[in-house]
Undergrad: 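Here it is, the structure, as structure tokens.
These numbers come from the heavy atoms of this one structure, side chains and all, not from hydrogens, waters or symmetry mates.
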Amino acid sequence: MKIRLKGLNRVRRKLADGSVTTYYYAWKGGPRLSGSPGSAEFIADYNAAVAEAAADRRDRHRKDWLRTVIDDYLNSAEYRALADRTRKDYAVHARHIDQEFGDMPIKLLQDRRARGEFLAWRDRMAVKSRRNADYRFAILARIISWGFNRGLVPCNPCERPGKLYRSNRKDKIWQAEDEAAFYDKAPAHLHLALTLALWTGQRQGDLLALTWRDYDGKYIRLTQQKTGARVIIPVGQPLRTALDACRAGQVAERARHILQTVHGQPWTSDGFRTSWRKACDRASITGLTFHDLRGTAVTRLAIAGCSEAEIVTITGHSMKDVGSILDASYLHRDSQLAQSAIEKLERSLKAPN
């Protein structure tokens with residue numbers, strides 16, 4: 001059976017002895033093929049040359065694909081500066097983005113229909129989870145924005161898309177009865193985590209990262225992973241008592257983590273989240289998360305009469321964020337604040353002129 005090889009180029013050459021021979025090339029200007037036409041060696045050389053040329057074309061085209069921008073972002077200093085947990089989340093979502101749009105030519109971002117394609121993709125994801133759809137879309141927007149600022153893409157069609165998911169954290173405050181139920185029903189090795197969160201207002205990741213060198217008996221000193229803010233927190237007596245009791249029961253190593261599993265090992269983020277959820281179920285606590293303790297700490301400090309500036313120095317929020325929490329999410333829903341306000345008013349009216 002005769003096989004016709006596409007693009008095959010024949011060149012006749014006269015040799016030094018006067019004889020004429022024919023050389024075969026995969027294509028004009030391509031690599032020379034060994035063996036005689038039709039032989040296994042000849043066919044193998046031809047197929048290898050064609051495959052290598054196709055790979056070269058893909059690599060050249062790849063530079064014009066959105067995948068290149070995604071890869072460059074994941075190798076950038078901006079990405080490496082993110083917190084560990086954030087980097088892991090971004091990497092997972094970036095893989096999904098690459099599968100969907102990795103081979104999209106960068107030049108198509110200028111087409112007005114590109115924005116519609118991206119939003120339609122978000123809408124398809126929103127069928128399962130609006131929150132996840134917003135988050136993944138935001139990561140795509142950040143990657144393209146990063147590329148735009150560096151001249152790698154001509155525009156960012158993902159700017160200001162609006163949100164599909166609106167979190168409603170009203171009433172998401174740990175009440176005294178929730179706290180009591182947790183201490184009563186949850187495993188003992190999780191009690192300190194609750195106390196730390198209520199008395200410091202810190203995020204889960206920052207609390208899990210605390211070691212005994214961060215606590216000197218009076219203060220907890222930490223650098224928040226998300227913001228990079230340096231926070232020095234005076235330790236209240238209930239928290240000090242819990243910390244000192246815990247330290248007495250652990251091996252006295254300053255490098256050891258304060259919060260540990262029942263087996264004395266540092267928590268992983270996923271492991272702690274799973275154990276915390278099971279503990280809440282055991283204590284019949286529903287609709288509340290560990291992160292809600294951060295807002296609860298802000299609210300309790302406000303109820304105690306702390307100013308926003310004082311709260312900021314403890315929790316590490318910005319003034320704007322504290323004001324937003326107190327204004328929009330918590331204070332106007334908490335009856336204790338109303339009671340506190342009336343008591344202050346009564347005291348002021350009874351005070352002598």
Side-chain angles (χ1 to χ4, degrees), residues 83-85 173-283 285 288-301 303-304 306 310-317:
D84 289 343
R85 173 60 189 272
I173 296 293
W174 284 67
Q175 303 296 338
E177 54 268 28
D178 299 314
E179 181 182 353
F182 191 91
Y183 285 133
D184 183 44
K185 300 294 185 180
H189 66 285
L190 289 173
H191 292 181
L192 181 57
L194 177 63
T195 308
L196 271 168
L198 288 173
W199 281 85
T200 67
Q202 301 303 308
R203 298 178 182 87
Q204 174 185 305
D206 293 322
L207 294 179
L208 295 184
L210 283 178
T211 63
W212 288 112
R213 65 164 57 96
D214 300 317
Y215 169 60
D216 63 6
K218 292 183 178 180
Y219 298 94
I220 290 176
R221 294 175 170 84
L222 62 90
T223 299
Q224 293 183 333
Q225 298 175 10
K226 183 175 182 178
T227 65
R230 180 67 175 168
V231 182
I232 302 176
I233 307 167
V235 177
Q237 186 58 52
L239 177 56
R240 183 183 301 114
T241 300
L243 284 170
D244 291 346
C246 180
R247 180 159 56 181
Q250 290 188 14
V251 177
E253 294 181 18
R254 286 167 56 80
R256 288 181 66 87
H257 289 78
I258 293 176
L259 296 178
Q260 300 180 6
T261 68
V262 69
H263 301 295
Q265 299 298 317
W267 285 101
T268 64
S269 178
D270 291 339
F272 180 83
R273 190 177 296 108
T274 299
S275 294
W276 186 266
R277 183 175 62 251
K278 291 179 179 179
C280 287
D281 291 343
R282 185 174 176 179
I285 298 172
L288 294 172
T289 67
F290 189 88
H291 186 72
D292 291 326
L293 292 167
R294 186 158 159 81
T296 301
V298 170
T299 303
R300 292 189 179 187
L301 288 166
I303 292 172
C306 298
E310 289 171 328
I311 294 173
V312 164
T313 62
I314 295 174
T315 65
H317 286 93

Undergrad: Could you check whether any side-chain heavy atom of Phe272 comes within less than 4.5 Å of a side-chain heavy atom of Leu190, counting everything from C-beta outward?
TA: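 They are in side-chain contact.
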
Undergrad: Look up atom CZ in Arg203 and atom OG1 in Thr315, then write down how far apart they are to the nearest 0.5 Å.
TA: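 Answer rounded to 0.5 Å: 8.5 Å.
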
Undergrad: Taking Thr313 for its side chain and Glu310 for its backbone only, find out whether a donor-acceptor pair lies under 3.5 Å.
TA: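 Judged by distance alone, yes, a pair lies under 3.5 Å.
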
Undergrad: Taking Arg240 for the side chain and Gly217 for the main chain, is one N or O donor matched with an acceptor at less than 3.5 Å?
TA: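 Flag set: sc Arg240 to bb Gly217 pair under 3.5 Å.
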
Undergrad: Calculate, to the nearest 0.5 Å, the distance between atoms CD and CG belonging to Gln260 and Leu192 respectively.
TA: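 These two atoms lie 10.0 Å from each other.
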
Undergrad: So does Tyr183 have more than 12 non-hydrogen atoms from other groups sitting under 6.0 Å from OH?
TA: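 Above 12, so yes.
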
Undergrad: Let me confirm one number: the CZ-OG1 distance from Arg230 to Thr223, rounded to the nearest 0.5 Å.
TA: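 The OG1 atom of Thr223 is 4.5 Å from CZ of Arg230, to the nearest 0.5 Å.
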
Undergrad: Quick one, Thr200 and Leu222 - any side-chain contact, counting heavy atoms below 4.5 Å?
TA: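 Thr200 vs Leu222: side chains apart.
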
Undergrad: Short question: side chain of His291, backbone of Gln204 - any donor-acceptor pair under 3.5 Å?
TA: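 Between the backbone of Gln204 and the side chain of His291 there is no qualifying donor-acceptor contact (under 3.5 Å).
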
Undergrad: Just verifying a value: how many Å separate Asp244 CG and Tyr215 OH, rounded to the nearest 0.5 Å?
TA: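 Taking CG in Asp244 and OH in Tyr215, the distance rounds to 3.5 Å.
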
Undergrad: So, applying side chain to side chain contact (heavy atoms under 4.5 Å, CB included) with Ile220, which one of Leu207, Asp206, Ile232, Leu243 is it?
TA: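 That would be Leu243.
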
Undergrad: Please tell me if the side chains of His257 and Trp267 come closer than 4.5 Å, counting only heavy atoms from C-beta onward.
TA: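 The answer is no; the side chains never approach within 4.5 Å.
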
Undergrad: Keeping Arg221 on the side-chain end and Asp214 on the backbone end, is there a donor-acceptor pair under 3.5 Å?
TA: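 No: the side chain of Arg221 does not pair with the backbone of Asp214.
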
Undergrad: Measure the spacing between CZ of Phe182 and CH2 of Trp174 and express it to the nearest 0.5 Å.
TA: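 Going from the CZ atom of Phe182 to the CH2 atom of Trp174 covers 5.5 Å.
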
Undergrad: Under 4.0 Å between a Lys/Arg side-chain N and an Asp/Glu carboxylate O for Arg273 and Asp270?
TA: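 Salt bridge: yes.
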
Undergrad: Are Ile173 and Asp292 packed together at the side-chain level, in the sense that at least one heavy-atom pair is separated by less than 4.5 angstrom?
TA: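 A side-chain contact under 4.5 Å is absent here.
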
Undergrad: Is it true that a side-chain atom of Trp199 and a backbone atom of Leu194 form a donor plus acceptor pair closer than 3.5 Å?
TA: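 No; judged by distance alone, with no hydrogens or angles, the pair does not exist.
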
Undergrad: Let me confirm one number: the OG1-CG distance from Thr299 to Leu293, rounded to the nearest 0.5 Å.
TA: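 If we round to the nearest 0.5 Å, Thr299:OG1 and Leu293:CG are 11.0 Å apart.
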
Undergrad: Side chains of Val231 and Gln224, heavy atoms from C-beta outward: is any pair under 4.5 Å?
TA: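 SC-SC contact between Val231 and Gln224 confirmed.
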
Undergrad: Any side-chain heavy-atom pair from Leu288 and Gln175 closer than 4.5 angstrom?
TA: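 Side chain of Leu288 against side chain of Gln175, heavy atoms only: no contact under 4.5 Å found.
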
Undergrad: Considering all heavy atoms of both residues, which atom of Thr195 and which atom of Pro238 are nearest to each other, and what is their separation?
TA: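 Looking at all heavy atoms of both residues, the closest pair is CG2-O, 4.5 Å.
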
Undergrad: Minimum heavy-atom separation for Ala186 to Ala279, with atom names?
TA: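 For Ala186 and Ala279, the tightest heavy-atom pair comes out as CB-CB, 3.8 Å.
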
Undergrad: Could you tell me whether the side chain of Gln202 and the main chain of Ile314 form a donor-acceptor pair under 3.5 Å?
TA: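 Side chain of Gln202 to backbone of Ile314: a pair is present.
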
Undergrad: Donor-acceptor pair, distance only, cut-off 3.5 Å: does the side chain of Arg282 make one with the backbone of Lys185?
TA: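 It does hold such a pair.
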
Undergrad: Side-chain contact test, heavy atoms from C-beta onward, threshold under 4.5 Å: evaluate it for Arg300 versus Leu198 and give yes or no.
TA: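 In short, these two side chains touch, coming nearer than 4.5 Å.
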
